Amino acid sequence: MIAVSKAAVVVAVIGVTLCSLSATSALVQSFSTDIQIDERQAQVTPAQLDLSAAESVRLDAETVEAVLESSYAARQAVLEARPAFVAAVAAATTAFASAKDKVDVSGHRAAVVTAQDVVRATTTDAKLVQEQSDAVTAIASTVTAEVKAFDERVAAEAAARAAAAVARESRSYDGAVWTGEGAGAGDWFADMRQRLTNVGGGHIELRQFDGSCGGVQSVACAYSTGGIRVAPAIASWSSARKNWAMVHELAHTVHFSRWSAVAASAGYAQLFGSDPELLANCMASARGYTNHGHAGQCTGDRIAWAAQLWNGVVAW
């Protein structure tokens, strides 16, 4: 009994001891696992922070790229809009040149300069460039219309003066075509008729008049309403002068046919001072008729310009 009890006790103790060791081992293992988890967590947290930072950098880079792309597109749009503005300024410059000595364009010119300053300072606003192009185009159109109105007014005034001259002629002469009746009268008139035909004016009506030509006295006169008039006094002129006179008056009729275009021409203003008599003389010189006493005034550039008008061409 005593021996068995001791053995049982020993086994019991040993069992308890074994059990205790097993429980202790499990507890130790549990502690070890927690430590490993904490260590892993400590390693993961910096990695997560690094990933977040990398993601932030990526997003910032994408934002910068988007901004750069937007800025590039805006600048490209401005570059594409600028040629239209340059063309508008060129058109305005041409309009300003045509307005010289006709229309005051100082205010319009200042507006175009302001538009140029605005466009020059703009690098990303294509809409603003287009608005300035439209504004400059409108200025060019306005100036062109003003110049046209000026030219039409000048032409109308010239036509009125010519009509007044015709009216004066009608009061002093009945306007009938000269028939050659009267002592010797037909000879000089028939001669002038032939001379006008010979120089290319066979299609032009020729009549006699009293010498009143637009308020001044002259032996020959061309009218914007058509026809050329000659006075008996021309009979005393030399043959060369008579030929020149017919070419000179014929030149006036050609000028009348292109009156508005010539009046608006810079060449007419700069070369001839808008003087129709000088132009007619140089047109005569262009055809070899220089007996007008002012051959020195018909320089090469004037003759070249005048020669083209015979063909209805206003050179510039």
Side-chain angles (χ1 to χ4, degrees), residues 155 157-259 262-263 272 275-298 302-303 306-312:
E157 292 172 353
R161 288 194 297 270
V166 171
R168 285 192 297 271
E169 177 196 352
S170 298
R171 288 193 296 270
S172 61
Y173 176 65
D174 63 12
V177 175
W178 186 262
T179 62
E181 297 177 357
D187 295 334
W188 74 265
F189 184 83
D191 176 52
M192 297 309 300
R193 171 68 270 177
Q194 187 59 53
R195 289 176 187 275
L196 178 58
T197 299
N198 291 344
V199 298
H203 61 293
I204 302 296
E205 180 185 64
L206 184 68
R207 296 186 178 185
Q208 183 187 10
F209 79 142
D210 66 350
S212 178
C213 181
V216 299
Q217 288 298 120
S218 176
V219 297
C221 187
Y223 291 85
S224 61
T225 53
I228 294 174
R229 310 291 187 264
V230 287
I234 199 171
S236 63
W237 282 19
S238 69
S239 178
R241 286 279 285 171
K242 288 176 181 177
N243 289 338
W244 159 76
M246 291 299 92
V247 176
H248 178 97
E249 301 307 330
L250 183 61
H252 279 315
T253 67
V254 174
H255 182 182
F256 287 144
S257 70
R258 299 282 287 144
W259 187 269
V262 172
F272 303 95
D275 182 354
E277 298 304 322
L278 177 58
L279 174 58
N281 277 341
C282 293
M283 289 178 71
S285 291
R287 288 199 165 183
Y289 298 90
T290 59
N291 200 330
H292 45 68
H294 303 92
Q297 296 182 22
C298 290
R302 286 174 172 168
I303 291 176
Q308 295 191 59
L309 190 56
W310 280 114
N311 298 318

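Keep in mind that this is a model prediction, so the values were computed, not measured.
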> To the nearest 0.5 Å, what is the distance between NE2 (His255) and CG (Leu279)?
Replying inline: 5.5 Å
>> Taking the side chain as everything from C-beta on, heavy atoms only, tell me whether Ser224 gets closer than 4.5 Å to Trp259.
In response: no
>> Could you check whether any side-chain N or O of Trp188 sits under 3.5 Å from a backbone N or O of Ile234, counting only pairs where one atom can act as donor and the other as acceptor?
In response: no
> For the atom pair CZ (Phe209) and SG (Cys221), what is the distance rounded to the nearest 0.5 Å?
Replying inline: 5.0 Å
> Could you give the distance from CD1 (Ile204) to OH (Tyr223), rounded to the nearest 0.5 Å?
Replying inline: 14.0 Å
> Taking C-beta and beyond as the side chain, do Asn243 and Asn291 meet within less than 4.5 Å on heavy atoms?
Replying inline: no
>> For Arg229 and Ser218, which I'm curious about, is there any donor-acceptor pair between the side chains at under 3.5 Å?
In response: no
> Heavy-atom distance under 4.5 Å between the side chains of Asn281 and Gln297, does that happen here?
Replying inline: no
> Where is the tightest heavy-atom contact between Ser239 and Arg195, given as atom of each residue plus distance?
Replying inline: OG-NH1, 2.9 Å
>> Test side-chain contact (heavy atoms from CB on, under 4.5 Å) on Thr253 and Ile228; report intermediate values, then the result.
In response: CA-CA 8 Å; Thr253 67; Ile228 294 174; 4.2 Å; yes
> If every non-hydrogen atom of Val262 is compared with every non-hydrogen atom of Leu309, which pair is closest and at what distance?
Replying inline: CG2-CD1, 3.9 Å
> Which atom pair, heavy atoms only, marks the closest approach of Ser285 to Thr290?
Replying inline: OG-CG2, 3.8 Å
> Mind checking whether His252 and His248 have parallel, tilted or perpendicular rings, split at 30° and 60°?
Replying inline: perpendicular
> Should Leu196 and Val230 count as side-chain neighbours, where that means a heavy-atom distance under 4.5 Å?
Replying inline: no
>> Filter on salt bridge (Lys or Arg N to Asp or Glu O under 4.0 Å), then keep only pairs touching residues 242-258, sequence neighbours left out; what's left?
In response: Asp191-Lys242
>> I need the full list of salt bridge (Lys or Arg N to Asp or Glu O under 4.0 Å) pairs touching residues 275-292, with sequence neighbours left out, sorted by first then second residue.
In response: none
> Between CE of Met192 and CG of Leu206, what distance do you get to the nearest 0.5 Å?
Replying inline: 7.5 Å
> Which residue pairs pass the salt bridge (Lys or Arg N to Asp or Glu O under 4.0 Å) test with at least one member in residues 231-241, sequence neighbours excluded?
Replying inline: none
> Taking the six-membered ring for Trp, are His292 and Trp244 parallel (under 30°), tilted (30 to 60°) or perpendicular (over 60°)?
Replying inline: tilted
> Of all heavy-atom pairs between Val199 and Tyr289, which one has the smallest distance, and what is that distance?
Replying inline: CG1-OH, 3.6 Å
